[in-house]
Amino acid sequence: MKISKKAINIIFGILAAAFALGTIFLFTPKGNPQQNGRVILYVNGKPIYELELMRKAQTNPLFTLNPTGALRPLIDTYFLEQVITLEALDQDASRIRVSSSEVKQQVDQLRQRLGATDRQAYDRFLQSIGYTDSQLRDEIRTQIRIQKRIDEIRKKVKLTDEEARFYYELHKAKYAAEDRVKARQIVLDDKAKAEEVYKKLLGGADFAALARQYSKVGAEEGGAVGAEPGSSEPGPVTRLVFPTPVAEAVFSLTNGGLTQIIEAGGRYYIVKVEEYLPGGDRPYEEVADQVKEDALQVKQAGVVDNYIREVRKRAVVKFGEGDLPYEYKNPVVAKVGDQEIKLADVSQVVFADQQVGSLIQQGLGDLAVQFFYPTVTDQLITQDLLVQQAKASGKPFIGTPAQIAQDVQLWKTKDVTITPEEVKKYYQENIERFTIPASATVETVSFNDKETAEKFREKLIAGDPLTELAKGLGGKVDDLGTVNPGKLPPLVDQLVFASKAPFASAGEWQVSEVIEVPGQDGKKVYQVVLIKDRKQAVTKTFEEVKPEAEKLALAAKRAKLAAEWIEKLKKETPIENKIVEVIQSLTPKKEEQPTTEKKPATEQEAPAGKTPSGKEKPAAPASSN
């Protein structure tokens with residue numbers, strides 16, 4: 001029976017994704033072993049049947065792509081590792097009690113989301129996934145139990161004051177106060193009126209008085225931004241209070257002053273900055289509550305991550321006898337000192353990347369393997385190296401291995417400073433970061449012949465309404481919106497942003513000459529390009545962006561020094577990387593004919609160490625997220 005993947009996704013999304021094992025599993029009804037087929041493997045003595053794995057595989061997008069070559073054992077191993085881990089977690093949570101009312105609540109939510117509130121619709125849903133109501137409730141009970149176990153572990157995590165303070169020191173910028181201003185504004189709907197008011201302000205008129213007289217916003221408060229109720233004095237506000245172009249102008253006035261007229265959202269703004277309040281670090285005591293909340297969540301994530309790894313590591317796995325339809329390969333692919341990285345660790349990261357699935361779907365699976373596996377292996381080597389450094393430091397690092405690897409770099413570079421000369425050099429070398437790109441609002445009107453296009457252009461310039469004229473002549477109008485350079489077809493982009501030729505006018509639009517562009521099936525298309533609100537690129541001065549440039553320059557310097565430190569560590573640490581050789585060993589020889597038929601599993605038993613036959617056993621997914 002065809003299984004509804006959408007329905008299964010909904011079930012799992014409601015109940016069990018919190019511990020992020022990376023794949024959606026189909027709940028498999030418990031039934032007669034004879035009906036479930038042969039045993040493929042045992043997890044701590046519990047059999048996992050062939051039909052159960054087939055059902056789970058149907059909900060794994062990687063299997064639906066029918067991979068071949070090296071992808072076959074890679075995906076098999078990735079899949080089996082997840083099955084083993086999920087089963088081990090289920091067994092570990094077996095003592096957790098789940099009430100019937102909890103199960104009913106989840107079933108009711110599921111039925112509501114599926115639109116299966118009446119009995120007939122619900123029965124159809126159960127039939128589509130091959131379940132009875134009782135079987136579905138059993139599986140939902142299992143998923144709730146696992147989630148309760150995860151929650152139980154989280155609740156037991158305690159954060160020390162030392163850990164909280166150390167986390168704050170590493171992430172101090174996260175809790176820094178933003179730049180703020182005390183300002184007044186006049187907001188108008190008419191450009192001519194805005195120009196009139198602006199001239200009065202330049203002539204020395206009182207800003208608050210003109211705001212009371214003319215502003216469409218905050219007139220009663222004299223234009224005071226952030227004023228307390230009943231007050232006409234401005235309060236400290238951040239950038240979020242203003243539309244983006246207004247905020248850019250306001251926060252460039254670090255010494256106070258008056259902005260020019262700024263158009264934003266169809267309105268015209270004039271802002272007077274009375275006081276600029278630069279941001280900066282806040283003392284720990286001021287932000288302690290938020291720091292402790294954030295750090296606790298980070299520590300909990302690390303504890304849960306370690307719990308899942310340990311449950312998998314303790315699991316004793318044995319494979320069934322005979323030719324099995326899955327091939328399990330999990331050799332050591334790298335070593336960082338004494339720390340091993342196994343193939344399954346790498347696969348867990350690789351197949352979590354959506355780009356990989358997309359490449360496989362396009363028939364580029366071999367390319368995905370050749371690129372992603374060496375790249376991810378190198379990332380995991382770096383991660384293990386940094387985690388080892390964190391442990392050796394004696395500092396109270398918390399979180400997952402990925403979090404610790406990131407934080408140890410922050411710790412290593414926390415005392416780095418930047419000179420004014422370095423900031424200026426960064427600004428000059430990264431000028432594009434401080435440039436507001438050119439923009440324009442663009443529409444195109446397309447015709448099948450040049451003569452009609454010329455006629456449209458002529459009549460539009462003469463004053464005919466655009467929409468009716470284009471429709472009457474059979475033209476196709478495309479509204480391309482407000483765009484920046486590089487976002488349009490090449491010829492149109494050149495006309496809008498690079499051409500110095502004069503344009504005719506038609507109301508608010510500038511009108512191009514008729515241009516010829518390629519259409520579908522090699523046919524020519526003739527277009528008239530309409531442009532309005534064209535703005536040139538504006539590069540902000542160094543003084544305008546100095547605080548931002550300082551932050552970016554410091555971050556770039558710290559990243560560079562961290563990268564140099566990592567390279568130094570790699571030279572000093574015994575590192576072995578065999579991922580390329582391992583992938584080559586999994587790739588069928590050219591003279592071999594690839595087959596979609598699966599080979600026998602390569603292991604009969606998989607606790608820690610070696611099997612009696614000398615084969616490698618599955619390992620916990622360490623060193624990965």
Side-chain angles (χ1 to χ4, degrees), residues 18-20 22 154 157 159-160 162-176 281-282 284 287 290-309 334 336-337 339-341 345-346 348-350 352-355 372 374-418 550-573 575 577 620-625:
F19 49 84
R154 282 198 181 100
V157 176
L159 184 75
T160 68
E162 182 187 16
E163 289 168 337
R165 288 181 180 274
F166 185 66
Y167 183 83
Y168 164 76
E169 287 298 324
L170 297 181
H171 299 275
K172 193 177 292 185
K174 178 180 177 181
Y175 303 101
D281 293 339
R282 290 190 286 176
Y284 174 75
V287 294
Q290 185 62 54
V291 171
K292 290 176 181 178
E293 181 180 336
D294 295 344
L296 178 60
Q297 290 179 1
V298 169
K299 187 174 182 180
Q300 286 173 330
V303 171
V304 169
D305 180 85
N306 186 64
Y307 160 72
I308 294 173
R309 295 171 191 272
V336 183
Q339 179 67 42
E340 294 181 343
I341 298 173
D345 305 335
V346 182
Q348 183 177 347
V349 180
V350 169
D353 191 322
Q354 293 182 352
Q355 294 182 69
F372 282 94
T375 300
V376 170
T377 301
D378 189 61
Q379 291 171 354
L380 293 180
I381 287 172
T382 299
Q383 178 176 289
D384 276 6
L385 190 61
L386 292 172
V387 169
Q388 291 176 20
Q389 290 297 309
K391 290 177 180 177
S393 73
K395 299 294 182 181
F397 288 96
I398 54 176
T400 63
Q403 178 74 47
I404 292 172
Q406 174 189 321
D407 284 358
V408 77
Q409 295 176 71
L410 296 177
W411 168 71
K412 185 67 177 178
T413 61
K414 66 183 177 66
D415 296 325
V416 173
T417 58
I418 197 96
E550 287 174 342
K551 293 177 184 177
L552 292 172
L554 179 59
K557 184 176 181 180
R558 292 180 70 179
K560 181 175 181 293
L561 292 175
E564 291 173 354
W565 177 53
I566 290 169
E567 288 307 310
K568 181 173 180 290
L569 291 174
K570 286 183 175 179
K571 292 177 181 178
E572 296 172 349
T573 307
I575 293 175
N577 186 346
S623 305
S624 56
N625 297 328

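Because the structure is predicted, anything quoted here is derived from the model rather than measured.
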Please confirm whether the backbone N or O of [Y] pairs with a side-chain atom of [X], one donor and one acceptor, at under 3.5 Å?
{"X": "E163", "Y": "T160", "answer": "yes"}
{"X": "Q409", "Y": "A405", "answer": "yes"}
{"X": "S393", "Y": "A390", "answer": "yes"}
{"X": "Q300", "Y": "R154", "answer": "yes"}

| query | How would you list all residue pairs meeting salt bridge (Lys or Arg N to Asp or Glu O under 4.0 Å) that involve residues 389-416, not counting sequence neighbours? | reply | none

| salt bridge (Lys or Arg N to Asp or Glu O under 4.0 Å) contacts in which one or both residues fall within residues 552-563, not counting sequence neighbours | E422-K557, K560-E564

Using 0.5 Å steps for rounding, measure from the [atom1] atom of [X] to the [atom2] atom of [Y].
{"X": "I575", "Y": "Q339", "atom1": "CD1", "atom2": "CD", "value": "12.0 Å"}
{"X": "Q388", "Y": "L569", "atom1": "CD", "atom2": "CG", "value": "9.5 Å"}
{"X": "T417", "Y": "L554", "atom1": "OG1", "atom2": "CG", "value": "8.0 Å"}
{"X": "K292", "Y": "L159", "atom1": "NZ", "atom2": "CG", "value": "8.0 Å"}
{"X": "I566", "Y": "L386", "atom1": "CD1", "atom2": "CG", "value": "4.5 Å"}
{"X": "D345", "Y": "D384", "atom1": "CG", "atom2": "CG", "value": "8.5 Å"}

Any idea which heavy atoms bring [X] and [Y] closest together, and the distance?
{"X": "L410", "Y": "L170", "value": "CD1-O, 3.7 Å"}
{"X": "V336", "Y": "L385", "value": "CG1-CD1, 3.9 Å"}
{"X": "A176", "Y": "D281", "value": "CB-OD1, 3.9 Å"}
{"X": "I381", "Y": "N577", "value": "CD1-ND2, 3.6 Å"}
{"X": "V287", "Y": "Y168", "value": "CG2-CE1, 3.9 Å"}
{"X": "T377", "Y": "A334", "value": "CG2-CB, 4.1 Å"}

Any side-chain heavy atom of [X] sitting closer than 4.5 Å to one from [Y]?
{"X": "D305", "Y": "P401", "answer": "yes"}
{"X": "Q389", "Y": "F397", "answer": "no"}
{"X": "V376", "Y": "Q379", "answer": "yes"}
{"X": "Y167", "Y": "K299", "answer": "no"}

| More than 12 heavy atoms of other residues, nucleotides or ligands under 6.0 Å from CD of E572: is that the case? | yes

| For atom CD of Q290, is the number of surrounding heavy atoms from other residues, nucleotides or ligands below 6.0 Å larger than 12? | yes

| Ring centre gap for H171 and Y175 strictly below 6.0 Å | no

| field | Electrostatic pair E162:R165 at N-O distance under 4.0 angstrom | value | no

